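See below for the structure under consideration.
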Amino acid sequence: MKALRRGGGLLVAGTTSDAGKSVVTAGVCRWLARKGLKVAPFKAQNMSLNSFVTREGAEIGRAQAMQAAAARVEPSAAMNPVLLKPGGDRTSQVVLMGKPEGELSARSYHEDRQRKLLETVAGCLEELRATHDAVICEGAGSPAEINLRRNDIVNMGLARAAHLPVVVVGDIDRGGVFASFFGTTALLSPEDQALVCGYLVNKFRGDVALLQPGLEMLHRLTGRPSLGVLPHRHGLGIDEEDGLRLSLRGTVREASTAPPHGADVLRVAVLPVPLMSNFTDVDALAAEPGVVVRFCDRPEELADADLVVVPGTRGTVKALEWLRARGLADALARRAAEDRPVLGICGGYQVLGERIEDHVESRAGVVQGLELLPVRVRFAPGKTLARPAGTALGEPVEGYEIHHGVADVRGGEPFVTDGADGRPLDGCRVGPVWGTHWHGALESDAFRRAFLRRVASDAGRAFVPAPDTAFERLREEQLDRLGDLIEEHADTGALLRLIEEGPPGGLPFVPPGAP
């Protein structure tokens, strides 16, 4: 196809959080990349406990890292210049250009700090537009959050600053999608409305012909066309930031439906600790045929689990309190005494240790851990951000680190070593209890298979990992399905015109509009 002029752009907004913005953005990136265009994702401001570390050591949202994979480019801090990591109901850690800047209350951020960040955000977008054929931006929440519009830097504030055409995505599976499209547009100012160019229906089930009268009426009422109806597809969620694409009392939705390779299945219970972060660590387990991954928050639900995973958390001390209050701490201690497998990742690793000294995150001082591993953790003001590699169970393993806690390991065996000289690199293991600060380690196929074989042996299960499960290949196939979704069900000609030419003139005003 003809190359676009350098610097084209599009903002994918949504009628609500979790309307499908992340998925549509990734799908558009993959579709354009398959056309031979150099494309980059961008999210000015992200609120997420699911984050990733770039090769230069910057922390960004995992959704943007996955969108970069969809675009077939290396993720960078410029793709997500502002990351907010909630630490409670009213405060978040502000990560600016990949580095932590401190904690702010929601009010302080929205009333003061946010507006000052527009220059940084606009500069990053300009940098990406100067070096790519197209930049596909993702909004946050809804562009019609009129209480936040004055200082907005991620929705219409960004679109206005960069003169970006805006496509609004609505989740029809929730109901009320036509009212949501109309209301979203009608609550915007005339200047903002001039950038809203069309609507994209997401998660539709049924006969599109039955939807057509509504789409035509919406067009007459707003003067803006439907740019496609995306059908509901299972297993298309990517590493999202605002909502869990799983049920906290059910099986991970992306769990494989393939039969086990051996005689038994392997049951994995994940504890949904408060402020759970990087729950995507268990995706690689769920991708294995015969591995059933469930989120469980009651001690009795762990009885038949072959492996219990304590995932990462932004509130290690709060997670400890939660585990004790629910009787899960005692259940984990019983498992360890019975030589039944437990895996702690990052914050989950820290709670398994002897004690935690925290004057940074919770400011609780010295707190007793679960004492299942001979590890003492001290929270440092600086954050460890790294992309390490090593050897575990005789296999190569890679991961990424995002933590303030510094582990002092006083016994046991290392989880990961340097393959060259056997020097300990990270983590600790005592019998069937394992702990590591490394996120993403289970995505290393050979290590994951070796780990599951060890878990199956300890659990007495006749489970055999499939020899050909390649997590990176499965992820690529998933991204290609997202690209297919856009190519087959969206008005790609209209999208290309918007990306290259910007918002068309003469779009009508929908009253009443915002002041």
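Nothing fancy with the numbering, it's 1 onward along the sequence. Just so it is clear, the model here is predicted, and its values are computed rather than measured.
One side chain, Q93 or K383, offers a donor N or O that lies under 3.5 Å from an acceptor on the other. There is a side-chain donor-acceptor pair under 3.5 Å between R174 and T16. A donor and an acceptor atom, one from each side chain of T417 and R423, are nowhere located under 3.5 Å apart. Side chain to side chain, Q350 and T316 meet the donor-acceptor criterion of an N or O pair below 3.5 Å. D426 and T436 are linked by a side-chain donor-acceptor pair at a separation below 3.5 angstrom, with hydrogens and angles left out of the test. Side chain to side chain, T54 and E74 fail the donor-acceptor criterion of an N or O pair below 3.5 Å. One side chain, S51 or K85, offers a donor N or O that lies under 3.5 Å from an acceptor on the other.
In this structure, W438 has its ring center at least 6.0 angstrom away from the ring center of Y400.
Ionic pairing of E477 and R473 is present here: one or more N-O contacts between side-chain nitrogen and carboxylate oxygen are shorter than 4.0 angstrom. A salt bridge is defined here as a Lys NZ or Arg NE, NH1 or NH2 lying under 4.0 Å from an Asp or Glu carboxylate O, and D408 with R378 fails to meet this definition. Salt-bridge annotation for D173 and R205: present, with a side-chain N of the basic residue lying under 4.0 Å from a carboxylate O of the acidic one. Contact check on E138 versus K21 returns no salt bridge, with no Lys/Arg side-chain nitrogen under 4.0 Å from an Asp/Glu carboxylate oxygen. Using a 4.0 Å cut-off between charged nitrogen and carboxylate oxygen, R326 and D297 count as a salt-bridge pair.
Under the side-chain hydrogen bond (donor to acceptor under 3.5 Å, both in side chains) criterion, E103 pairs with R314, not counting sequence neighbours.
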Subject >> Test side-chain contact (heavy atoms from CB on, under 4.5 Å) applied to D458 and D339, step by step >> reply: CA-CA 7 Å; D458 288 344; D339 288 334; over 6 Å; no

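With hydrogens and angles disregarded, no donor-acceptor distance shorter than 3.5 Å links the side chain of R475 to the backbone of A470.
Pairs engaging residues 326-352 under the ring pair (Phe, Tyr, Trp, His ring centres under 6.0 Å) rule: Y349-H437 [sequence neighbours left out].
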